[in-house]
Amino acid sequence: MEKREVDQEEELAATCLCAPAIALNLSATFPVIKACAGLGALEDGRHVHKQLIQSGLESDVFVCNSLVDMYAKCGSIEDAWSVFNKMPSQDVVTWTVIILGHVKCGQGQKALELFRQMQQEGVQPDSVTFVGVLNACASMVAIEEGRCVHQQIIQRGLESNVFVASSLVDMYAKCGSIEEAQRVFYKMPSRNVVSWTAMILGHCGSIEDAWRVFNKMPSRNVVTWNAMVLGHVKCGQGQKALELFRQMQQEDVVTWTAMILGHVKCGEGQKALELFRQMQQEGVQPDPVTFVGVLNACASLIALEEGRCVHQQIVEYGWDSDVFVVNSLVDMYAKCGSIEDAWRVFNRMPSQDVVTWNAILGGCAMHGHGKEALKHFERMCEEGVQPDDITFICLLSACSHAGLVDEGLRCFALMSTVYGISTKLEHYTCMVDLLGRAGHLQEAENMVKAMPCKPQVAALMALLGACRIHGNMEMAERVAKQILEMEPENATGYVLLSNIYAAAGNRHLCENVERQRKEKGAKKEPGRTWIEVNNEVHMFVVEDRDHPQMIEIHAELQRLSGLMRDAGYVPCTEFVLDDVEEEEKLFHLCHHSEKLAIAFGLINTAPGTPLRIRKNLRICKDCHTSTKFISKIVGRAIMVRDANRFHHFEDGVCSCMDYW
DNA sequence: ATAGGGTTAG
């Protein structure tokens, strides 16, 4: 929606709301309800509704239809239904808006049921109803249902309606049937940008075909260009997407947002924030979706201060009641380690959904607060929020990071029996990680074998990582063999195995694996770590030797290692071979970007300042290797573990405890 | 009323 239009609507809505004593009339009411719907202003909408009741206008069928529509668009489907049910009779518009409402909130199945129900009650669908129902089919990739609807459309002679036909093209394209999409497309008496765009998107599997359709278009607008940019992002051709983006004559908010989100997904949070700044410099107004992308970028960088500024802007723009934005805010604060801020946003929400709770639990997991995660999970259930499969992934990984084996096993069991959630491969993978990290290698391997289908590479990687932590070379070779067969071009398996050989002092085998890796063309991606120090985000790359403070950083690392050894920390595996030169040892000392970042953080911040560290998990595939040195960082404390104990270091003070 | 970008995990 154009900014100016919003302003006018806001003005109208405001005028109406400021004059509660004046009886409303019908013609003035429609634009106000429409304004509330367009702005997603649920509370204002409720207010208008109340006034309508006072004015005795709530029985008018047109008014009721617009109220149902407003509530559905504002995301309160319950209110929409209560208006719907109070109506003496519903017409095609009433049914259509409630169907569209369900499609919008992702309940495609329910939308199709309603479509059947309305016909049973003798109400005939029109072109708008068909558009909504086709949308539902597309969102569920339900091609059979889509074909039935198509039949009905032909029977009613609506196939040449440009809206209906465009939706048909879109539905077939999204369901993966390019042939049927083409058949409808070429039969259309006239085509508009929408039908062309739907065709382009249908060809995104093959970017060459998409280009062919694109080049045939009689005229192109921003949306079509966006589709092409997005097509490249989806095909993993980020560089090409960027080139295309730079070539565009005019970009809109969607183009910028797609670029921002694309960069976040590729682990380029810093670039995403740069794009956001550029976008604003060029005078493009961000919308809620943009903010979701920007908050994701802040979360991925643990950039708390940046995140706070973005939050401020969100409030200024008035997008702080958008459910996606608010959930992203909770997630950002939780990931940045500021659980207090996360709760503050959480408590201000009128109601929290499973995504909000998952964001909180995920934040706990990331920061090693296993016990807290379990406590919050209990509260979540008490509040009547149904946990889903992602909830259990968060819980299990929280248990894994905190070494809570029994609790993890209990959650795993309760998941299907009590909560009726089917165990997915990801849950098994979490369990392999949990058991393996805790040293129950045999149980972890049994878990891999018990998986109902072929294990994910991630599960085997978790097991191999555990073999490295606990120095089991025999199992490591067995697991690595499977990994290298499944993904010979993935460098992580080779790196882990060669680390295990190095730790055992077997230089020959170590070099052998390295040779294999190079033969297969598996490229090691540099591990990267970000740390926020004095409101600035610094990035460290593996084997970085050019940092201006490198001497101090090395000294700090050596001090830490000494401290740990003095406290009885026994490294169970060591990458550094016995016979390497002194200089090479120093090289290994700065091997991990995470170590560099921690040392940098410790020497540049006052005692007591929490360290905010984030590893780029997508790029840094050596996350397993880093767990040996650092188990987790909580505030400023660093936890490491060897075979028997947990060691806890905080500003030069050390405490040890036995575990499992 | 139709087309492009959206929340949580791994």
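Keep in mind that this is a model prediction, so the values were computed, not measured. By convention in this document, chain letters (A, B, ...) are assigned in the order of the sequence lines, proteins followed by strands, and residues within each chain are numbered from 1.
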Next on the checklist: Side chain of A:Glu426 only, heavy atoms from C-beta on: which candidate in B:dG10, B:dT7, B:dG5 is closest?
Outcome noted: B:dG10

Checklist entry - Taking the inter-plane angle between the rings of A:Phe291 and A:Phe276 on a 0 to 90° scale, is it parallel (under 30°), tilted (30 to 60°) or perpendicular (over 60°)? => result perpendicular

Item to check | A:Lys335 side chain, from C-beta outward: closest of B:dG6, B:dA3, B:dA9 | outcome: B:dA9

Next on the checklist: Rounding to an integer number of Å, can you tell me how far A:Asp69 CG sits from B:dA1 C1'?
Outcome noted: 10 Å

Item to check | Proximity to the side chain of A:Asp287 - top-ranked nucleotide from B:dG5, B:dA3, B:dA1 | outcome: B:dG5

Next on the checklist: When you compare the ring of A:Phe163 with the six-membered ring of B:dA1's base, are the centres less than 5.5 Å apart and the planes under 30° from each other?
Outcome noted: yes

Item to check | Rounded interatomic separation in angstrom, taking CG from A:Leu434 and C1' from B:dA9 | outcome: 16 Å

Item to check | Distance, rounded to the nearest Å, where A:Lys104 contributes NZ and B:dT2 contributes P | outcome: 11 Å

Next on the checklist: Does A:Thr391 reach a base, just sugar-phosphate, or nothing at all? Heavy atoms under 4.0 Å.
Outcome noted: nothing

Checklist entry - A:Thr290 side chain: which of B:dA1, B:dG5, B:dT2 is closest? => result B:dG5

Checklist outcome for this item: Picking from B:dG10, B:dA3, B:dT8, the nucleotide nearest the side-chain atoms of A:Asn296 would be B:dT8

Checklist entry - What is the distance from CE of A:Met228 to P of B:dG5, rounded to the nearest Å? => result 14 Å

Next on the checklist: Mind checking if A:Val253 touches a base, just sugar-phosphate, or nothing, with heavy atoms under 4.0 Å?
Outcome noted: base

Checklist entry - Which nucleotide in the set B:dG6, B:dA9, B:dT7 lies at the smallest distance from any side-chain heavy atom of A:Asn327? => result B:dT7

Checklist entry - If you check the A:Asn221 side chain, which of B:dG5, B:dA3, B:dT7 turns out closest? => result B:dA3

Next on the checklist: Would you say A:His150 and A:Glu159 are linked by a side-chain donor-acceptor pair, where the criterion is simply a distance under 3.5 Å?
Outcome noted: yes

Checklist entry - Taking atom P of B:dT7 as reference, at what distance in whole Å does atom CD1 of A:Ile360 sit? => result 18 Å

Checklist entry - Choosing from B:dT2, B:dA3, B:dG6, which nucleotide comes nearest the side chain of A:Val325? => result B:dG6

Next on the checklist: Under 4.0 Å, counting only non-hydrogen atoms across every strand here, what does A:Asp322 touch: a base, just sugar-phosphate, or nothing?
Outcome noted: base

Next on the checklist: Tell me if the aromatic rings of A:Phe392 and A:Tyr428 count as close, with their centers under 6.0 Å from one another.
Outcome noted: no

Next on the checklist: Which nucleotide wins on minimum distance to the side chain of A:Ile390, given the candidates B:dG10, B:dA9, B:dG5?
Outcome noted: B:dA9

Next on the checklist: I want to know whether A:Phe84 and A:Tyr71 have ring centres closer than 6.0 Å.
Outcome noted: no

Checklist outcome for this item: In whole angstroms, the gap separating P of B:dG10 from CG of A:Leu395 amounts to 12 Å

Next on the checklist: For B:dG10 and A:Ser397 - does any side-chain N or O of the residue sit under 4.0 Å from the phosphate oxygens OP1/OP2?
Outcome noted: yes

Item to check | Euclidean distance, atom CZ of residue A:Phe245 to atom C1' of B:dG5 [Å, nearest integer] | outcome: 12 Å

Item to check | Polar side chain donor-acceptor pair, A:Thr391 to A:Asp388, under 3.5 angstrom | outcome: yes

Item to check | Rounded interatomic separation in angstrom, taking CG from A:Asn192 and C1' from B:dA1 | outcome: 12 Å

Item to check | Gap between atom CZ of A:Phe214 and atom OG1 of A:Thr224 - 0.5 Å precision | outcome: 6.0 Å

Checklist outcome for this item: Among B:dG10, B:dA3, B:dT7, the one nearest any side-chain atom of A:Ser328 is B:dT7

Next on the checklist: Counting only side-chain nitrogens and oxygens, does A:Lys265 get under 4.0 Å of the OP1 or OP2 atom of B:dG5?
Outcome noted: no

